[in-house]
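For reference, the structure discussed in these notes is given below.
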There are 2 protein chains.
Amino acid sequence: MDILIADRAVDLDDLADRFAVSKMTIHRDLDDLEQAGLLRKMRGGATIETGTQFESDFRIRELQDGEAKARMAAAALDLIEPGMTVMINDGSMAALLGAQLTQKVPLTVITNNAAIIERLKDASRIRLIALGGLFNAKFNAFFGVLTETVLSELRADIAFLSSPAISGLGSFHMDESVVRVKRAMIAAADRRILLVNHRRFGHSALHRMADLSDFEAIITDAPPESRTAIDRAGIALTIAPPVRQQNPDIKETTP
Amino acid sequence: MDILIADRAVDLDDLADRFAVSKMTIHRDLDDLEQAGLLRKMRGGATIETGTQFESDFRIRELQDGEAKARMAAAALDLIEPGMTVMINDGSMAALLGAQLTQKVPLTVITNNAAIIERLKDASRIRLIALGGLFNAKFNAFFGVLTETVLSELRADIAFLSSPAISGLGSFHMDESVVRVKRAMIAAADRRILLVNHRRFGHSALHRMADLSDFEAIITDAPPESRTAIDRAGIALTIAPPVRQQNPDIKETTP
DNA sequence: ACAAAACAACATATATAATGTTATTTTAAT
DNA sequence: ATTAAAATAACATTATATATGTTGTTTTGT
C-alpha cells in the first residue's frame, strides 16, 4: 500500500521481485486488498481505488508506517501509569496504542474506538468503558450526540488524541461529528497528548479540531523540518523517529 | 461443562479417561475454563464456580439449545419491519436474533450486546447505535450509569428483552446493573417482547426485572405445562416449539 | 515424610495458513 | 483468428501456529 500510494500504481512482476515471492502470492494478496476495497486490480498490476483521496481510508492508514506507529505507541505508553483512567480516540494509531495498554494494568480505559473495544474486551484487570454512539464504518468508531453527552459525564487522567491534518499550530479534521467527539475528549481529560504521523503535517481540513497548545505534549515521528514552528511555539515534542528500514533488529518491537 | 453442570464436580483422572487424552491436557483445559471464570480448579478435579448458580453464564448458555433459539429468533424476526428502530438487550438468545437482523434492512439497531455490535458493525443499511458503558465480561455487554443515561434519551419502536428466570408472572435477574439497563430499555420502547427459554421457567433470582404483563408478547419454546399461569393471565404467547433432536435436517437452520 | 497432584519446560504431533508449482483458461494486442 | 502474456484453478509443498504428550521437578495435603 505504501508503494501504491506513492506511485499511484504497482506492477505485479515488480512486486514479486521486491518481496522475493512468486507472482501467484502477489496475485492472491492483491485479490485480498481489492476485496477490502483498497485497490483495483489491472492486467499486470493494480492502481489505487478511485475515491480514496489522500489516504483517507482507515483501512489503508492502518497498513502504513507500522514501524513508526509502534515507536510512537511506545512513547505514549511511557506516560501511562497503572491505575490511571486513560481515554483514547478513533484511528489506527490509537488502536495500536490501545492494544498495548495491557502492559500497564490495572487501568480504566475509555474509548469510542471499535478496534480497541474489541481488543480489550477480554483483557483482565482493565475496566473498559465503551463510549456508545452511532457507528461510523469509515472511522471504525462511534460518534454522535450520544457519544458527546456521555463524555460530558466522564473524566480521565490522560487522553490520547490523533489527528489527520496538522497545519501551522492547529489540528484539523474533515468530519464534523468526529471533531465534536475529539473536542469532548479534550474537555474531559486532565492531561492531553496528541499523536501525529509525519505524513499529517502540512495538510489542512475543513474543521479545526484544536490548537496544538491545547496539548501537554505531541508525539510524532516527523522529521525536524516539519517541527520548527511547533518548537518555536514552545510545545513539548516527543520524537519517535522513523526507523531505518535496513536495521534488522527492528522487528522485535512490532507486536 | 455439560458434565460439570450435571454432576457439580468433575474428576481430573476421569476426564482424561473419558476424552482419551493425557492428564496434562485436562489440566490445561481446566486452567482455561477457570481463567474464563466458568469453574474452580480443586486438587484432583474441578467444581462449578460458586455464583454460577444455574448455568447462568452466557458462555455456557450460548452452547445450549441452539435449535430452539433459532426458532425463537425466527418468531421474533416476524415482528420486525424494515425501517423500524429495534432495541435488543444482552444475552446469547438476543445475539442470535441480532445476527439475523440483516434480513430486515433498512433498520436502526440499538443494543448494549457486544456480540451484536461486532456482528452488525459492517452490515450495510443498518444504523448501529451502540450503548456504551462499562463492559461486563460475564454478560458480554455494556452496563452502568452511562448505559442507563443514554437509554433515557432514546426511543425504539420495539424492544426485545430476554430473561434468565421466570417465576409466576414475574421476570427476575441476579445482577442489579443488568436489571437497571433492561428496565431502561422497557421504558424506552413502544412495544416490548420477551424472549425466554424453557429452562428459565420456575427459577427466580434476587432482583425483579419486570412483570410479564409489561410485555406485549412472550416468545418461548416452553412446553405447555410451564405456561398455564401465563395463559390464564391473558398474556400473548408465541410458541417456538423445541425441535425433536432425532430429526437430522435440523442443522441446516443453524447459522 | 511421602505419595499424589500440580506444574514447568521441552518434545512431538496435528491443524491451519501461506506460498509455490504446474497445467489450463482467459485476455488483449496483433 | 492467432498468439504470447497474464490470470486462474488445482494441487503440492512449506512454514507457522496450536494442541497434546513426556519428562523431570516442585508443591501439596495427609
Side-chain angles (χ1 to χ4, degrees), chain A residues 1-4 7-50 59-60 62-64 66-67 70 95-96 99-100 102-103 105 115 118-125 245 248-255, chain B residues 1-4 7-50 52 59-60 62-63 118 122 137 251 254-255:
Chain A
M1 288 308 302
D2 283 345
I3 299 168
L4 192 56
D7 302 352
R8 316 299 296 169
V10 288
D11 178 71
L12 198 139
D13 290 344
D14 176 56
L15 289 175
D17 225 46
R18 287 204 200 212
F19 295 105
V21 293
S22 70
K23 286 195 248 182
M24 195 64 226
T25 297
I26 299 295
H27 266 298
R28 278 188 277 239
D29 292 349
L30 291 180
D31 284 345
D32 290 349
L33 291 169
E34 182 173 48
Q35 190 66 28
L38 299 185
L39 52 78
R40 175 158 309 190
K41 252 185 114 183
M42 311 285 288
R43 175 159 259 245
T47 59
I48 197 143
E49 181 58 84
T50 53
R59 284 162 301 181
I60 295 180
E62 75 187 6
L63 298 175
Q64 282 188 303
E67 188 48 42
L96 207 155
Q100 294 188 244
T102 49
Q103 297 169 29
V105 292
E118 184 56 24
R119 183 62 216 282
L120 261 30
K121 245 175 35 171
D122 300 309
S124 66
R125 313 196 63 202
Q245 294 291 353
D249 59 8
I250 288 167
K251 286 191 174 153
E252 72 198 13
T253 62
T254 45
Chain B
M1 287 310 301
D2 284 344
I3 299 169
L4 193 56
D7 303 352
R8 316 298 297 169
V10 288
D11 178 73
L12 197 139
D13 290 344
D14 176 56
L15 288 175
D17 226 44
R18 287 203 202 213
F19 294 105
V21 293
S22 71
K23 286 195 252 185
M24 196 62 224
T25 298
I26 300 294
H27 265 297
R28 279 186 276 239
D29 292 348
L30 291 181
D31 284 345
D32 290 348
L33 291 169
E34 182 172 47
Q35 189 66 27
L38 298 185
L39 53 78
R40 175 158 309 191
K41 257 185 111 181
M42 310 286 288
R43 177 159 255 247
T47 60
I48 197 140
E49 180 58 84
T50 52
T52 310
R59 283 158 299 186
I60 297 177
E62 75 186 7
L63 299 174
E118 184 56 25
D122 300 308
K251 286 189 174 156
T254 45

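By convention in this document, chain letters (A, B, ...) are assigned in the order of the sequence lines, proteins followed by strands, and residues within each chain are numbered from 1. For clarity, every value in this text was computed on a predicted model and none was experimentally measured.
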Identify the heavy atoms of [X] and [Y] that sit nearest to each other, and give their distance.
X	Y	answer
A:L39	A:A46	CD1-CB, 4.0 Å
A:L38	A:M1	O-CE, 3.9 Å
A:A115	A:A95	CB-CB, 3.9 Å

Please report, rounded to the nearest Å, how far the [atom2] atom of [N] is from the [atom1] atom of [X].
X	N	atom1	atom2	result
B:E34	C:dC7	CD	C1'	14 Å
B:D31	D:dA19	CG	P	14 Å
B:D13	C:dA6	CG	C1'	12 Å
A:L30	D:dA7	CG	P	9 Å
A:L15	C:dG20	CG	P	13 Å
A:M42	D:dA7	CE	P	11 Å
A:R28	D:dC11	CZ	C1'	11 Å
B:I26	C:dC7	CD1	C1'	16 Å

(request) List the steps, then state whether side-chain contact (heavy atoms from CB on, under 4.5 Å) holds for A:V10 with A:I26. (result) CA-CA 11 Å; A:V10 288; A:I26 299 295; over 6 Å; no
(message) If you take any heavy atom closer than 4.0 Å to DNA chain D, which residues from residues 16-24 of chain A end up in contact?
(response)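 Only A:M24 qualify.
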Gap separating the [atom1] atom of [X] from the [atom2] atom of [Y], nearest 0.5 angstrom:
X	Y	atom1	atom2	answer
A:L4	A:L33	CG	CG	8.5 Å
A:I3	A:I48	CD1	CD1	12.0 Å
B:K23	B:D17	NZ	CG	10.0 Å

(request) Produce a footprint string for nucleotides 23-28 of chain C: one letter per nucleotide, 5' end first; B if the base is under 4.0 Å from any protein heavy atom, S if only the sugar-phosphate is, - if neither. (result) ---BBS
(request) Quantify the bending of the helix from C:dA1-D:dT30 to C:dT30-D:dA1 as the angle between its end axes, each fitted on five pairs, to 10°. (result)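 Inter-axis angle at the ends, rounded: 30°.
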(request) Establish, with yes or no, whether the OP1 or OP2 oxygen of D:dT28 is under 4.0 angstrom from a side-chain nitrogen or oxygen of B:K41. (result)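 For D:dT28, neither OP1 nor OP2 has a side-chain N or O of B:K41 closer than 4.0 Å.
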(request) Evaluate whether atom CE of A:M42 has more than 12 neighbouring non-hydrogen atoms of other residues, nucleotides or ligands under 6.0 angstrom away. (result)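 No, because the 6.0 Å sphere around CE of A:M42 holds 12 heavy atoms or fewer from other groups.
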(request) Quick one: which residue pairs count as a salt bridge (Lys or Arg N to Asp or Glu O under 4.0 Å) with a foot in residues 25-39 of chain B, not counting sequence neighbours? (result)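 The answer is B:D31-B:K41.
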(message) Checking B:T47 now: which residues fulfil side chain to side chain donor-acceptor pair (under 3.5 Å) with it, not counting sequence neighbours?
(response)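 None.
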(request) For A:T102, check side chain to side chain donor-acceptor pair (under 3.5 Å) against everything at least two apart and list the hits. (result)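 A:T102: no side chain to side chain donor-acceptor pair (under 3.5 Å) contacts found.
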